[in-house]
Chemist: 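Right, I'll just put the structure down here and ask away after.
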Amino acid sequence: MSLPEFDSVQLRHSLLSWYTQTGRNLPWRNSRDPYQIWISEIMLQQTQVKTVIPYYQRWLETFPTVKDLAEADLQAVLKVWQGLGYYARARNLHACAQQIVQQYDGVFPNQLEAALSLPGIGRTTAGGVLSAAYNLPVSILDGNVKRVLARLRALSVPPAKSLKSLWEWSDSLLDPDHPREFNQAIMDLGAMVCTPKAPNCSECPWKRHCQAYLLNLQSEIPMREISAPLPHKMIGVAVIWNQQGQILIDKRPAKGLLGGLWEFPGGKLEAGETLEECIKREIQEELAIEIEVKDHLITIEHAYTHFKVTLNVYHCRYMSGEPQPLECDEIRWVTLDEIEQFPFPKANEKIIAALKNNS
DNA sequence: GACACGTGGAC
DNA sequence: TGTCCAAGTGT
């Protein structure tokens, strides 16, 4: 079900003409260095351009080359990534850099199969890097392209239900003579004109070809998936002080949610339990120590992708026992001055800020 | 194919 | 305040 070749030629021409006049000037577009382009593609996964730009610049100052990244400590990598979310991206970036140094002499591979075998590199990121760095004709299907193509063809189901067709349309539309510009252009079209809400159809170079526009369905397409309400968890969190004025923090297991980041220990409130009981129980289960729960410090509401939490944070006093890393990777006693060297998730950063305000 | 995986901006 | 969703990948 590819587009007629005649349409593809017209669509390519009108899009590239629009892009030449209107396309964005973004930092990574001034580079053809596959390392810099790869970093930008990973940071841009599920993350807005405005958010990425300062992280991108700081990253390249800290890790200017693949080799610098490969030789860095994972904790240092996570610290630079801190706040961007989806931390598996940072862990994969680090592992991927080491693989590129070992297997590809420090140069991002210029073959699709090799790129796809690397950790954190899926089909869209591979297409993004290979087209932008090497001008190779590899298509992409990110959120922008999905929305543009769903509207162009008036797709009657949510994009996730029709990925095969969308990939075929992206493949057949890609300009084989200008793959670098075409992929950037179709993403700019989605970001600047064919936006999720209130698209600027009057400015669109594809308005005469767009089935959604011609049927006045641009507000209904792409179709939404029905989503269940997010579960909510009440969490008790302990800021445990010892007699030296140090605080106990723990490093989360390397994989899974917030893997490799540090946190204040705590856990889920169970039915019929007070927050004080919850905190004492969790600290005994996780660290095998006795504490006394003292004053309330702060309450934090935070939403993750698949659930919401309320963090009820309390000052606590260390009483007895030798802390054991029973459910974490590592434990440390740190001062308030030392704590900022460690990567923390956003919700925990708010706890640190509250501690600094009160001291 | 469905679900896990962070955070911030827009409305 | 709540909901959507942003240059997706791994399992």
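What you are looking at is a predicted structure, and each value in this text was computed from that prediction instead of being measured. We use all heavy atoms of the structure for the numbers below, so side chains are in, but hydrogens, waters and symmetry mates are not. Residue numbers begin at 1 in each chain, while the letters A, B, ... track the order of the sequences.
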Chemist: Taking DNA chain C as the partner, which of residues 137-146 of chain A come within under 4.0 angstrom of it by heavy atom?
Modeler: A/Asp142, A/Gly143, A/Asn144
Chemist: Does the side chain of A/Arg29 come under 3.5 Å of the side chain of A/Gln184 through a donor N or O and an acceptor N or O?
Modeler: yes
Chemist: Just to confirm, is there a sub-4.0 Å distance from OP1 or OP2 of C/dG8 to any side-chain nitrogen or oxygen of A/Gln46?
Modeler: yes
Chemist: What integer distance in Å separates A/Leu84:CG from B/dG6:C1'?
Modeler: 9 Å
Chemist: Just to confirm, is there a sub-4.0 Å distance from OP1 or OP2 of C/dA6 to any side-chain nitrogen or oxygen of A/Arg147?
Modeler: yes
Chemist: Answer with base, sugar-phosphate or nothing: what part of the nucleic acid does A/Glu349 contact at a heavy-atom distance below 4.0 Å?
Modeler: nothing
Chemist: Would you find a donor on one side and an acceptor on the other, under 3.5 Å apart, between the side chain of A/Gln324 and the backbone of A/Glu322?
Modeler: yes
Chemist: Can you tell me which residue among A/Lys294, A/His315, A/Arg317 is in a side chain to side chain contact (heavy atoms under 4.5 Å, CB included) with A/Trp241?
Modeler: A/His315
Chemist: Nearest to the side chain of A/Leu44, which nucleotide is it out of C/dT9, B/dG6, C/dA7?
Modeler: C/dA7
Chemist: Which value, in whole Å, describes the distance between the P atoms of nucleotides C/dA7 and B/dA4?
Modeler: 23 Å
Chemist: B/dT7 phosphate, OP1 or OP2: any side-chain N/O from A/Tyr87 under 4.0 angstrom?
Modeler: yes
Chemist: Return no unless some side-chain N or O of A/Lys346 is found under 4.0 Å from OP1 or OP2 of B/dG8.
Modeler: yes
Chemist: Choose from B/dG6, C/dA7, C/dC4 the nucleotide whose nearest atom is closest to any side-chain atom of A/Ser227.
Modeler: C/dC4
Chemist: Do A/Leu44 and A/Tyr86 belong together in a cluster built from hydrophobic side chains that touch within less than 4.5 Å?
Modeler: no
Chemist: Between C/dG8 and A/Thr125, counting only base atoms on the nucleotide and side-chain atoms on the residue, is there a donor-acceptor pair under 3.5 Å?
Modeler: no
Chemist: Can you list the steps and then say if A/Tyr35 with A/Phe63 is a side chain to side chain contact (heavy atoms under 4.5 Å, CB included)?
Modeler: CA-CA 10 Å; A/Tyr35 170 68; A/Phe63 311 115; 3.5 Å; yes
Chemist: Taking atom types as they are modelled, would you say the side chain of A/Thr51 forms a donor-acceptor pair with the base of B/dG9 within the 3.5 Å cutoff?
Modeler: no
Chemist: Without decimals, in angstroms, what is the distance between A/Ile42 CD1 and B/dC5 P?
Modeler: 19 Å
Chemist: As a test of understanding, state which of A/Leu84, A/Val129, A/Thr125, A/Ile37 forms a side chain to side chain contact (heavy atoms under 4.5 Å, CB included) with A/Ile42.
Modeler: A/Thr125
Chemist: Closest to the A/Asn92 side chain: C/dG10, B/dT7, B/dA2?
Modeler: C/dG10
Chemist: State which of B/dT7, C/dA7, C/dT9 makes the closest approach to the side chain of A/Arg24.
Modeler: C/dA7
Chemist: So, A/Tyr304 versus A/His306, ring centres under 6.0 angstrom or not?
Modeler: no
Chemist: Kindly point out which of B/dG6, C/dA7, C/dG8 is positioned nearest to the side chain of A/Leu257?
Modeler: B/dG6
Chemist: A/Lys350 or A/Ala160: which one's nearest nucleotide on DNA chain B is closer to the 5' end?
Modeler: A/Ala160
Chemist: Which part of the nucleic acid, if any, lies within reach of A/Trp28 when heavy atoms closer than 4.0 Å are counted: base, sugar-phosphate only, or nothing?
Modeler: base
Chemist: Between A/Trp262 and A/Gln75, is any side-chain donor less than 3.5 angstrom from a side-chain acceptor?
Modeler: yes
Chemist: Under 30°, 30 to 60°, or over 60°: which ring-plane class applies to A/Trp59 and A/Trp81, parallel, tilted or perpendicular?
Modeler: perpendicular
Chemist: In whole Å, I'd like the distance from the CG atom of A/Leu230 to the C1' atom of C/dT3.
Modeler: 9 Å
Chemist: Which residues pass the side chain to side chain contact (heavy atoms under 4.5 Å, CB included) test with A/Lys79, not counting sequence neighbours?
Modeler: A/Gln82, A/Pro343
Chemist: Quick one: the dot-bracket string of DNA chain B, using Watson-Crick and G-U wobble pairs with both distances under 3.5 Å, [ ] for crossing pairs and | for bases paired to another strand.
Modeler: .||||.|||||
Chemist: Return the nearest nucleotide to the side chain of A/Arg89; candidates are C/dA7, B/dG8, B/dG6.
Modeler: B/dG6
Chemist: Indicate whether OP1 or OP2 belonging to B/dA10 is found under 4.0 Å from a side-chain N or O atom of A/Lys50.
Modeler: yes
Chemist: Is a side-chain donor or acceptor of A/Glu203 paired with a backbone partner of A/Asn200 at a separation under 3.5 angstrom?
Modeler: no
Chemist: Compare side-chain N and O positions of A/His306 against OP1 and OP2 of B/dC5 and report whether any pair is under 4.0 Å apart.
Modeler: no
Chemist: Specify the residue among A/Tyr86 and A/Arg224 whose closest nucleotide of DNA chain C lies further upstream toward the 5′ end.
Modeler: A/Arg224
